[in-house]
J.: 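Below are the structure tokens for one structure; questions will follow.
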Amino acid sequence: MPELPEVEALRRGLLPLIVGQKIKKAEVKMPKLVSSKGTTRVSSDLKLQEFIQGTLGRTIEGIERRAKNLIFSLNDGGIILVHLKMTGQLVYKGKSGTDKQISVSGGHPIELSENSLPNKHTYVIFNLEHGTLYYNDVRQFGYLLYFTDKKTLESQKHFDGLGAEPLDKGFDFELFYEKLKAKSGILKKVFLDQTVVVGLGNIYADEVCFDAMVKPLRSINSLKKSEIKALYESIVKILPKAVAMGGSSVSNYLLADGSKGNYAREHKVYGRAGQVCLRCGKTLQKTVLGGRTTVFCDNCQK
DNA sequence: CCTAACCCCTGCTTGC
DNA sequence: TGCAAGCAGGGGTTAG
């Protein structure tokens with residue numbers, strides 16, 4: 001469930017591996033993934049051709065991130081927008097013999113099927129000069145969209161309504177406070193809707209609330225300034241740490257080289273309902289908010 | 001304008 | 001053992 005730390009860790013991992021490489025050819029095995037996003041996913045031959053032709057022979061010049069989106073810029077001004085949604089992966093395998101995708105067990109080489117690419121869930125393959133970039137997505141929720149230039153991307157309003165970037169220098173407490181106070185409703189729902197601050201998903205929303213000792217079910221208008229300050233401090237503490245640790249591999253999230261992130265072991269509440277609170281020892285509670293499982297400590301979160 | 005419910009999809013877990 | 005229901009959740013879409 002790639003959230004901001006996972007997407008950012010992936011971006012940083014991909015940079016040295018693929019920036020500067022030319023796309024020799026893109027193979028698309030699931031045209032709907034490059035045709036549209038949302039719930040009405042229809043394959044389009046036109047979009048498929050635009051994607052293949054637009055990326056053919058272009059060089060990847062940079063990778064940026066906005067919220068949980070990855071933005072690949074091409075040397076002719078073209079852009080590939082990638083969203084991993086729940087189970088998307090971008091894994092790069094170099095041509096050098098160091099990635100044989102074979103492991104040795106008991107002296108006999110065995111194939112690691114989970115690391116063998118392409119696999120049954122590989123839907124887009126970028127053949128690069130020095131290696132191959134695979135897009136895998138078990139549940140096919142993610143998408144890769146091609147735009148001829150930045151203006152076209154902007155005109156389609158993909159980023160409209162998104163809140164502040166929590167890793168940016170400009171993300172200070174006053175900004176967060178003003179944006180949060182302008183909203184109403186339940187704290188966690190506001191975190192998940194990306195309008196105040198982007199990048200928190202179900203994992204980090206719960207982790208931030210726990211760290212700040214604020215219940216995720218609290219209404220925005222009940223929050224004291226000191227509590228909002230605590231939430232802010234937890235966001236700017238937890239997200240960079242999670243990025244540095246490669247994110248949380250709780251489902252099938254992988255880094256650019258196919259390895260797993262290490263932040264899952266830092267989780268204090270996510271996935272721990274019914275277990276003891278690591279801060280006060282009481283049993284962690286579970287509830288459902290906006291259709292999402294929510295875990296918190298009823299004792300030490302206020 | 002808003003919010004809540006539904007939906008996209010597969011694989012793993014749980015219960016009978 | 002099998003098989004169905006439940007669950008995982010980002011976020012676009014739709015109904016109200």
Side-chain angles (χ1 to χ4, degrees), chain A residues 1-10 29-44 47 65-71 81-90 113-114 118-124 135-145 153 156-163 165-166 182-209 216-217 219-221 239 242 247-254 260-261 263-264 267 269-274 286-296:
Chain A
M1 27 263 347
E3 301 177 22
L4 184 143
E6 289 74 39
V7 177
E8 178 63 17
L10 173 62
K29 299 177 182 298
M30 182 71 78
K32 72 174 181 179
L33 297 192
V34 304
S35 301
S36 59
K37 61 175 184 174
T39 50
T40 51
R41 302 290 291 277
V42 180
S43 294
S44 156
K47 291 287 184 185
R65 180 188 56 75
R66 175 71 175 109
K68 300 168 190 170
N69 300 275
L70 285 173
I71 304 160
L81 175 67
V82 177
H83 200 304
L84 304 175
K85 287 293 183 80
M86 297 298 301
T87 55
Q89 303 171 334
L90 278 171
S113 59
E114 65 178 302
N119 61 36
K120 62 188 281 197
H121 299 298
T122 299
Y123 296 123
V124 181
Y135 179 78
N136 316 311
D137 194 342
V138 168
R139 292 167 70 178
Q140 305 164 29
F141 284 4
Y143 50 83
L144 305 86
L145 302 179
L153 170 61
Q156 302 207 3
K157 305 183 175 180
H158 283 282
F159 305 141
D160 273 25
L162 287 180
E165 284 289 342
K183 304 286 291 186
S184 60
I186 304 298
L187 174 62
K188 181 174 175 182
K189 287 190 182 183
V190 172
F191 275 161
L192 292 183
D193 77 14
Q194 312 294 302
T195 58
V196 171
V197 56
V198 300
L200 297 179
N202 205 39
I203 297 171
Y204 295 100
D206 280 9
E207 294 297 322
V208 164
C209 287
L217 312 76
S219 68
I220 297 295
N221 58 25
L239 294 184
S248 308
S249 285
V250 300
S251 179
N252 61 350
Y253 164 75
L254 296 179
K260 294 189 173 190
Y263 194 75
H267 293 169
V269 284
Y270 179 83
R272 299 195 66 247
K286 181 169 85 170
T287 187
V288 176
L289 267 181
R292 304 301 186 247
T293 298
T294 300
V295 185
F296 63 100

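Keep in mind that what you see is a predicted model, and the values were worked out from it rather than measured.
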J.: Sort me out a list of protein N/O and nucleotides 13-15 of chain B N/O pairs below 3.5 Å, or just none if empty.
T.:
none

J.: For the side chain of Asn202(A), counting heavy atoms from C-beta on, which of dT10(B), dG10(C), dG12(C) is nearest?
T.: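 The listed nucleotide nearest to Asn202(A)'s side chain is dG10(C).
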J.: Would you kindly give the CD1-to-P distance between Ile186(A) and dC2(B), to the nearest whole Å?
T.: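 Interatomic distance, CD1 of Ile186(A) to P of dC2(B): 17 Å.
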J.: Kindly write out the residues that satisfy ring-ring contact (aromatic ring centres under 6.0 Å, His included) with Tyr263(A), not counting sequence neighbours, or none if the list is empty.
T.: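 Partners of Tyr263(A) by the ring-ring contact (aromatic ring centres under 6.0 Å, His included) criterion, ordered by chain and then number, come out as Tyr204(A), His267(A).
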J.: Under the side-chain hydrogen bond (donor to acceptor under 3.5 Å, both in side chains) test, which residues partner Lys47(A), sequence neighbours left out?
T.: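 Checked Lys47(A) against side-chain hydrogen bond (donor to acceptor under 3.5 Å, both in side chains); zero matches.
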J.: Determine the minimum heavy-atom distance between Phe296(A) and Pro216(A), stating which atoms define it.
T.: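 Looks like CB-CD, 3.7 Å.
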J.: Taking atom P of dA8(C) as reference, at what distance in whole Å does atom CZ of Arg272(A) sit?
T.: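 Checked: the CZ to P distance equals 17 Å.
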J.: If I pick the C1' atom on dG11(B) and the same atom on dG12(C), what distance separates them, to the nearest angstrom?
T.: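 Approximately 23 Å lies between the C1' atom of dG12(C) and that of dG11(B).
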J.: Can you see if the side chain of Lys37(A) gets near the phosphate of dT13(C) - specifically, an N or O under 4.0 Å from OP1 or OP2?
T.: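 For dT13(C), neither OP1 nor OP2 has a side-chain N or O of Lys37(A) closer than 4.0 Å.
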J.: When you measure from the side-chain N and O atoms of Lys85(A) to the phosphate of dC7(B), is any distance below 4.0 Å, counting only OP1 and OP2?
T.: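 For Lys85(A), the contact criterion (side-chain N or O under 4.0 Å from OP1 or OP2 of dC7(B)) is not met.
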J.: Tell me every residue that passes side-chain contact (heavy atoms from CB on, under 4.5 Å) with Gln156(A), counting only those two or more places apart in sequence or in another chain.
T.: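 With sequence neighbours excluded, Gln156(A) shows a side-chain contact (heavy atoms from CB on, under 4.5 Å) to Phe147(A), Thr152(A), His158(A), given in chain and number order.
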J.: For nucleotides 14-16 of chain C, give me every protein contact, N/O to N/O, under 3.5 Å, one pair per line with atom names.
T.:
none

J.: Classify Lys183(A) by what it touches in the nucleic acid, base, sugar-phosphate, or nothing, heavy-atom distance under 4.0 Å.
T.: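 Nothing: the residue Lys183(A), judged by heavy atoms under 4.0 Å, touches no strand.
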J.: Any idea which of dG10(C), dT10(B), dG12(C) is nearest the Arg292(A) side chain?
T.: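 Of the candidates, dG10(C) comes closest.
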J.: Is there a side-chain contact between His83(A) and the phosphate of dG12(C), meaning an N or O under 4.0 Å from OP1 or OP2?
T.: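 Checking His83(A) against dG12(C): no side-chain N or O falls below 4.0 Å of OP1 or OP2.
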J.: Atom CG of Leu289(A) and atom C1' of dA5(B): how far apart are they, to the nearest Å?
T.: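 About 15 Å, once rounded to whole Å.
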J.: Mind checking side-chain contact (heavy atoms from CB on, under 4.5 Å) for Ser36(A) and listing every partner two or more places apart, or none if nothing turns up?
T.: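 Ser36(A) satisfies side-chain contact (heavy atoms from CB on, under 4.5 Å) with Arg41(A) once adjacent residues are dropped.
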J.: How many whole angstroms separate atom NZ of Lys189(A) from atom C1' of dG11(C)?
T.: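 Spelled out: NZ on Lys189(A) to C1' on dG11(C) is 15 Å.
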J.: Mind calculating the distance between CG (Leu33(A)) and P (dC9(B)) to the nearest angstrom?
T.: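 The answer, rounded to whole Å, is 10 Å.
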J.: List in chain and number order the residues that pass side-chain hydrogen bond (donor to acceptor under 3.5 Å, both in side chains) with Asp160(A), two or more places apart in sequence or in another chain; answer none if no residue qualifies.
T.: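 Applying side-chain hydrogen bond (donor to acceptor under 3.5 Å, both in side chains) to Asp160(A) gives none.
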J.: In chain order, what residues pass the side-chain contact (heavy atoms from CB on, under 4.5 Å) check against Met30(A), with sequence neighbours excluded?
T.: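 By the side-chain contact (heavy atoms from CB on, under 4.5 Å) rule, Met30(A) matches Lys32(A), Leu33(A), Tyr123(A), Gln140(A).
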J.: Do you see a donor-acceptor pair shorter than 3.5 Å between the side chains of Asn136(A) and Lys120(A)?
T.: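 No donor-acceptor contact under 3.5 Å links the two side chains.
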J.: Nearest whole Å is fine: how far is dG10(C) P from Arg41(A) CZ?
T.: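 It is 16 Å, rounded to the nearest whole Å.
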J.: Using the P atom as the reference point in each nucleotide, state the distance between dC3(C) and dC9(B) in Å, no decimals.
T.: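 That atom pair is separated by 24 Å.
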J.: Side chain of Leu192(A) only, please: which of dG12(C), dT10(B), dG10(C) is the nearest?
T.: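 Closest of the options to the side chain of Leu192(A): dG10(C).
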J.: Could you say whether Gly291(A) or His158(A) is positioned toward the 5' end of DNA chain C, judged by the nucleotide with the nearest heavy atom to each?
T.: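 Looking at DNA chain C, the more 5' nearest nucleotide goes with Gly291(A).
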J.: Once side-chain hydrogen bond (donor to acceptor under 3.5 Å, both in side chains) is applied, do any residues pair with Lys85(A), and if so which ones, sequence neighbours excluded?
T.: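 With neighbours one apart ignored, the set is empty.
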J.: Could you tell me which residues satisfy side-chain hydrogen bond (donor to acceptor under 3.5 Å, both in side chains) with Gln194(A), sequence neighbours excluded, listed by chain and number?
T.: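 By the side-chain hydrogen bond (donor to acceptor under 3.5 Å, both in side chains) rule, Gln194(A) matches no residue at all.
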J.: In whole angstrom, give the distance that lies between atom CZ of Phe159(A) and atom P of dG11(C).
T.: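 Going from CZ in Phe159(A) over to P in dG11(C) covers 11 Å.
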J.: Take atom CG of Leu70(A) and atom P of dG10(C), then tell me their distance rounded to the nearest Å.
T.: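 In whole Å, dG10(C) P and Leu70(A) CG are 16 Å from each other.
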J.: Less than 4.0 angstrom between a side-chain N/O of Gln194(A) and OP1 or OP2 of dG10(C), yes or no?
T.: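 Result: no.
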J.: What stems involve DNA chain B, if each pair must be Watson-Crick or G-U and both of its distances must be under 3.5 Å, with 3 or more such pairs in a row?
T.: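 Result, WC/G-U stems under 3.5 Å: B:2-8 with C:10-16, B:10-16 with C:2-8.
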J.: Tyr143(A): what forms a ring-ring contact (aromatic ring centres under 6.0 Å, His included) with it, not counting sequence neighbours?
T.: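 Counting only residues at least two positions away or on another chain, Tyr143(A) forms a ring-ring contact (aromatic ring centres under 6.0 Å, His included) with His83(A).
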J.: Counting C-beta onward and ignoring hydrogens, is there a side-chain heavy-atom pair between Leu239(A) and Glu3(A) closer than 4.5 Å?
T.: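 Not in contact.
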J.: Any side-chain to backbone donor/acceptor pair from Ser44(A) onto Val42(A)? Under 3.5 Å, distance only.
T.: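 Pair absent, no side-chain N/O of Ser44(A) close to backbone of Val42(A).
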J.: Kindly say whether, by distance alone, the side chain of Arg139(A) makes a donor-acceptor pair under 3.5 Å with the base of dA8(C)?
T.: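 Yes.
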J.: Any base atoms under 4.0 Å from Thr293(A), or only sugar-phosphate, or nothing? Heavy atoms, all strands.
T.: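 Sugar-phosphate only.
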J.: When you get a sec, tell me which of dC9(B), dG10(C), dT10(B) is the closest nucleotide to the side chain of Lys32(A)?
T.: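 Of the candidates, dC9(B) comes closest.
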